[in-house]
Amino acid sequence: MSAPHRRHPPAGAVALWRALPLALLLAAGGPARAQAPPVGPTQAPPAAVTQALPAAATAPAAAPEGEAMDAPPPAPLPWPLPADAAASEPAGRLFGAAPGPAAGPVAAIGGYARGCLAGAVRLADDGPGWQAMRPARNRHFGTPDLVAYLTRLAADAPAFGYRGILIGDMSQPRGGPMATGHASHQTGLDTDLWYDPMPGHVQSRDERETRAATSLLLPGARELDPAKWSPALGAFVRRAARDPAVERVFVHPALKAWLCAWPAAGEGGGRGWLARVRPYWGHDDHLHVRLACPPGMAACRPQAPPPPGDGCDATLAWWFTDEPWTPAVPPPPPKPPVMLADLPPACAGVLAAP
């Protein structure tokens with residue numbers, strides 16, 4: 001994050017984070033809510049935090065809300081696809097081979113982590129208040145609703161203290177599973193946004209492909225680095241989450257805790273937006289916005305709404321135990337790859353469309 005956007009953290013937040021029980025930190029952000037199971041990285045948290053946590057927190061449901069780990073990409077398949085590919089190749093390779101969208105009406109089909117996308121719109125690499133990152137991945141496609149959301153958010157960047165926004169992965173041209181990087185982003189309704197503000201120059205292709213996103217965490221820890229916090233960062237996440245089209249915004253648990261304690265969280269419309277901001281693994285260098293199913297898209301499978309309350313309670317406390325970060329012993333066996341037959345039947349038509 002550039003120097004003009006670095007400000008002091010919310011008053012007392014650093015001391016609260018380091019010295020007080022998590023329950024007190026969360027209470028600083030607003031009234032406690034009824035305890036509920038959480039929705040939805042490595043030094044241990046301070047002892048005072050660990051000792052103050054509620055006893056009954058449980059793990060969130062596994063992906064589709066999360067992200068898969070990056071791995072070396074396999075060799076791409078040719079396009080058009082070989083005749084036998086649909087039955088023998090993982091769906092991530094099939095959809096990753098498509099160079100452009102499927103012709104026809106716009107449709108988000110299936111769920112965020114088991115679906116596809118017809119009639120996709122490509123986001124331009126540059127626009128008023130935005131620059132798209134990692135264009136070589138060919139993952140800047142979405143529904144018109146997603147492109148409209150990003151356009152609105154970028155236009156508001158000066159109001160929340162950014163020059164503009166940096167847009168990461170959206171969906172592939174026909175959506176569907178990806179060979180690397182994400183478990184969701186399959187229906188044109190998910191997008192990653194870097195916490196870094198857009199720089200004051202138009203980045204070269206090389207910059208967009210090689211520049212690293214800035215982690216908000218202290219090196220080797222899961223605490224937020226106070227030097228990375230700014231009111232502009234808080235206002236960015238608040239504006240991203242308040243848009244009525246948004247279903248979820250995934251952030252690192254440390255950032256969620258700071259947002260709960262941020263005195264300005266309720267400015268301009270109350271704290272209700274915090275309910276949409278969900279802590280999840282990763283997301284220390286970007287936030288992940290998920291839109292709700294657009295009206296009229298009957299094939300789109302919605303996600304259950306977040307639990308009641310702003311999430312600044314026991315739903316957050318689980319993340320400050322060792323449980324989320326302790327690998328399973330023995331590790332679970334690898335999951336089989338998602339095949340085309342595992343997706344909604346209409347996705348075979350999307351893949352085969354001109």
> Is there a side chain to side chain donor-acceptor pair (under 3.5 Å) between H201 and E207 once you walk through the steps?
Replying inline: CA-CA 11 Å; H201 68 282; E207 285 179 283; 3.0 Å; yes

>> Does D169 form a salt bridge (Lys or Arg N to Asp or Glu O under 4.0 Å) with R134? I'd like the steps, not just the answer.
In response: CA-CA 8 Å; D169 286 354; R134 308 294 192 261; over 6 Å; no

> How far apart are the C-alpha atoms of L291 and V289, what are their side-chain angles, what is the distance that settles it, and do they pass the side chain to side chain contact (heavy atoms under 4.5 Å, CB included) test?
Replying inline: CA-CA 7 Å; L291 302 191; V289 176; 4.1 Å; yes

> Please walk me through it: do R290 and S184 pass side chain to side chain donor-acceptor pair (under 3.5 Å)?
Replying inline: CA-CA 10 Å; R290 172 170 295 165; S184 57; 3.3 Å; yes

> Please walk me through it: do L166 and Q203 pass side chain to side chain contact (heavy atoms under 4.5 Å, CB included)?
Replying inline: CA-CA 11 Å; L166 296 177; Q203 297 177 97; 3.7 Å; yes

> Hey, mind stepping through L233 and F160 against side chain to side chain contact (heavy atoms under 4.5 Å, CB included) and telling me if it holds?
Replying inline: CA-CA 8 Å; L233 172 62; F160 54 74; over 6 Å; no

>> For V251 and W258: C-alpha separation, side-chain torsions, deciding distance, then whether side chain to side chain contact (heavy atoms under 4.5 Å, CB included) applies.
In response: CA-CA 11 Å; V251 302; W258 276 59; over 6 Å; no

> Going through the checks in order, is the side chain to side chain donor-acceptor pair (under 3.5 Å) test met by D285 and T214?
Replying inline: CA-CA 5 Å; D285 60 6; T214 302; over 6 Å; no

>> What verdict does the side chain to side chain donor-acceptor pair (under 3.5 Å) test give for D206 and S204, after you've listed the backbone C-alpha separation in whole Å, the side-chain angles of each residue and the deciding distance to 0.1 Å?
In response: CA-CA 5 Å; D206 183 66; S204 68; 5.1 Å; no

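Side-chain contact between F320 and P279 is absent, with no heavy-atom pair separated by less than 4.5 Å. Taking the side chain as every heavy atom from C-beta outward, V147 and T143 never approach each other to under 4.5 Å. Using a 4.5 Å heavy-atom threshold, the side chains of H286 and L193 count as separate. Residues L94 and L81 form a side-chain contact, since some pair of their non-hydrogen atoms from C-beta on lies under 4.5 Å apart. R122 has its side chain out of reach of P173: every pair of non-hydrogen atoms, C-beta onward, lies at least 4.5 Å apart. The closest side-chain heavy-atom distance from V106 to M297 is below 4.5 Å. The side-chain heavy atoms of E247 and P306, taken from C-beta on, include a pair separated by under 4.5 Å. Looking at D284 and L217, their side chains come closer than 4.5 Å, going by heavy atoms from C-beta outward.
Here L150 contributes atom CG and H140 contributes atom NE2; the two are 9.5 Å apart, rounded to the nearest 0.5 Å. Separation of atoms CD1 (I165) and CG (D196) is listed at 12.5 Å; rounding is to 0.5 Å. Atom CE of M198 is separated from atom CD1 of I167 by 10.0 Å, given to the nearest 0.5 angstrom. For the atom pair CG (L77) and CH2 (W79), the distance works out to 10.0 Å, reported to the nearest 0.5 Å. Note that the SG atom of C312 and the CH2 atom of W262 stand 12.5 Å from one another [nearest 0.5 Å]. From L255, atom CG reaches atom NZ of K228 across 12.5 Å, with rounding to the nearest 0.5 Å.
Between the side chain of S171 and the backbone N or O of G188 there is at least one donor-acceptor pair closer than 3.5 Å. Side-chain atoms of R174 come within 3.5 Å of backbone atoms of G100 as a donor-acceptor pair (strictly under, hydrogens ignored). At least one donor-acceptor pair under 3.5 Å links the side chain of Q172 to the backbone N or O of P177. Judged by distance alone, the side chain of K256 and the main-chain N or O of R278 form no donor-acceptor pair under 3.5 Å. Under the 3.5 Å distance criterion, the side-chain polar atoms of R208 are matched with a main-chain donor or acceptor of A132. Looking at D156, its side chain never comes within 3.5 Å of a backbone N or O of L153 through a donor-acceptor pair. Within the 3.5 Å criterion, the main-chain N or O of M133 finds no donor-acceptor partner in the side chain of R211. The closest donor-acceptor contact from the side chain of Q186 to the backbone of A183 lies under 3.5 Å. Of the possible polar contacts, one joining the E209 side chain to the A136 backbone as a donor-acceptor pair under 3.5 Å is found. In this structure, W325 contributes its side chain and W319 its backbone to a donor-acceptor pair below 3.5 Å.
The residues D243 and R239 are annotated as salt-bridged, a charged nitrogen and a carboxylate oxygen being separated by less than 4.0 angstrom.
In plain terms, the two heavy atoms of R152 and A245 that are nearest each other are NH2-CB, 3.9 Å. Taking every heavy atom of both residues into account, T187 and G111 meet most closely at CG2-O, 3.2 Å. Nearest heavy atoms, A240 versus V246: O-CG2, 3.3 Å. Between P344 and G110, the shortest heavy-atom contact is CG-CA, 3.8 Å. Scanning both residues, G115 and L343, for their nearest heavy atoms gives N-CD2, 3.9 Å. Counting all heavy atoms, side chain and backbone alike, L117 lies closest to V350 at O-CG1, 3.4 Å.
Under the 4.5 Å side-chain heavy-atom criterion for ILVMFWY residues, a single connected hydrophobic cluster contains both V338 and F95. Transitive grouping of hydrophobic side chains (ILVMFWY, heavy atoms separated by less than 4.5 Å) brings L287 and L123 into a common cluster. Side-chain heavy atoms closer than 4.5 Å link hydrophobic residues (I, L, V, M, F, W, Y) into clusters, and following such links, even through other members, never connects M178 to F250. Placement of V121 and Y112 within a single hydrophobic cluster is found when ILVMFWY residues are connected by side-chain heavy-atom separations under 4.5 Å, directly or transitively. With hydrophobic clusters built from ILVMFWY side chains whose heavy atoms lie under 4.5 angstrom apart, L189 shares a cluster with M170.
Paired with Y162 under the rule ring pair (Phe, Tyr, Trp, His ring centres under 6.0 Å), one option of W130, F236, Y195 passes, and it is F236. Applying ring pair (Phe, Tyr, Trp, His ring centres under 6.0 Å) to H288 and the options H185, H182, H252 leaves one that passes, H185.
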